[in-house]
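Input: a single structure, listed below in structure tokens.
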Amino acid sequence: MLDILIKSIIGGIIIGVVSTLAQKNPTAGAFIMGIPIVSFITLAIMYYSGVDYPTFKTFSYQTVIFVLLSLTFFPIFVTSMPYIGFWFALISGASVAGLLMVLATKFV
């Protein structure tokens, strides 16, 4: 239970730092968000927990696939926002990216 709390605090700090920084400097915020900090932390925690190599391999391979598919969110969001508003653009981008990711689970 304590490990979930620690992981949640770390995740919250990352979100807080990126969102605050992006308000002042969007490029710096995007740069930090682009660094796979969560992946680094996750891999370290998995290693500390004694995860075996095949699990690391599967996790890494599938992360690449899902990250690439999730990137479809951004162009959909930014191009549709002026026309349909923030929330509908957010939901539309997330829906398309989510659908692609769910479809990909059938093949990975």
Side-chain angles (χ1 to χ4, degrees):
M1 185 67 173
L2 181 61
D3 63 328
I4 292 174
L5 181 62
I6 291 169
K7 294 171 192 175
S8 299
I9 290 170
I10 291 170
I13 290 170
I14 293 169
I15 291 168
V17 166
V18 170
S19 62
T20 301
L21 181 60
Q23 291 174 12
K24 297 177 173 124
N25 186 340
T27 303
F31 180 82
I32 300 268
M33 193 166 135
I35 298 171
I37 294 171
V38 173
S39 297
F40 293 160
I41 293 168
T42 302
L43 290 169
I45 291 170
M46 288 171 62
Y47 177 77
Y48 178 74
S49 299
V51 171
D52 60 350
Y53 172 74
T55 302
F56 275 113
K57 183 178 177 183
T58 301
F59 173 79
S60 298
Y61 171 73
Q62 291 180 350
T63 297
V64 169
I65 292 169
F66 291 126
V67 164
L68 290 173
L69 292 173
S70 72
L71 291 176
T72 59
F73 164 81
F74 293 102
I76 293 169
F77 170 70
V78 76
T79 57
S80 64
M81 191 171 114
Y83 305 104
I84 62 175
F86 174 81
W87 290 109
F88 285 124
L90 190 74
I91 291 167
S92 298
S95 296
V96 171
L99 179 62
L100 289 173
M101 292 172 73
V102 168
L103 290 173
T105 62
K106 308 290 184 202
F107 302 103
V108 240

Rounded to the nearest 0.5 Å, how far does [atom2] of [Y] lie from [atom1] of [X]?
X: Ser95; Y: Ile76; atom1: OG; atom2: CD1; result: 9.0 Å
X: Leu68; Y: Leu100; atom1: CG; atom2: CG; result: 11.5 Å
X: Thr27; Y: Leu21; atom1: OG1; atom2: CG; result: 9.5 Å

Pairs touching residues 65-91 that satisfy salt bridge (Lys or Arg N to Asp or Glu O under 4.0 Å), sequence neighbours left out = none
Taking the six-membered ring for Trp, are the ring centroids of Tyr83 and Phe88 within less than 6.0 Å of each other?
-> no
If you compare all heavy atoms of [X] against all heavy atoms of [Y], which two are closest, and at what distance to 0.1 Å?
X: Ala104; Y: Phe66; result: CB-CE2, 4.0 Å
X: Ser19; Y: Gly16; result: OG-O, 3.3 Å
X: Ser92; Y: Ile84; result: OG-CD1, 3.8 Å
X: Met101; Y: Leu69; result: CG-CB, 3.9 Å

Which residue pairs satisfy the side chain to side chain donor-acceptor pair (under 3.5 Å) criterion with at least one member in residues 36-57, sequence neighbours excluded?
-> Asp52-Thr55
Run through Ile32, Ile41, Ile9 and flag the one making a side-chain contact (heavy atoms from CB on, under 4.5 Å) with Ile14.
-> Ile41
Applying side-chain contact (heavy atoms from CB on, under 4.5 Å) between Tyr61 and each of Val64, Ile65, Thr58, report the one that passes.
-> Ile65
Mind checking whether [X] and [Y] sit in one hydrophobic cluster, side chains of I, L, V, M, F, W, Y counted as touching below 4.5 Å?
X: Leu90; Y: Leu99; result: no
X: Phe56; Y: Val38; result: no
X: Ile13; Y: Ile35; result: yes
X: Phe74; Y: Met81; result: yes
X: Val78; Y: Val96; result: no

Look at the side chain of Thr20 and the backbone N and O of Val17, then say whether any donor-acceptor pair between them is shorter than 3.5 Å.
-> no
Return the set of residues passing side-chain contact (heavy atoms from CB on, under 4.5 Å) with Ile15 (not counting sequence neighbours), or none when no residue passes.
-> none
Tell me, yes or no, whether the heavy-atom count around Met33 atom CE, taken from other residues, nucleotides or ligands under 6.0 Å, exceeds 12.
-> no
side-chain contact (heavy atoms from CB on, under 4.5 Å) between Val51 and Phe59, worked out = CA-CA 11 Å; Val51 171; Phe59 173 79; over 6 Å; no
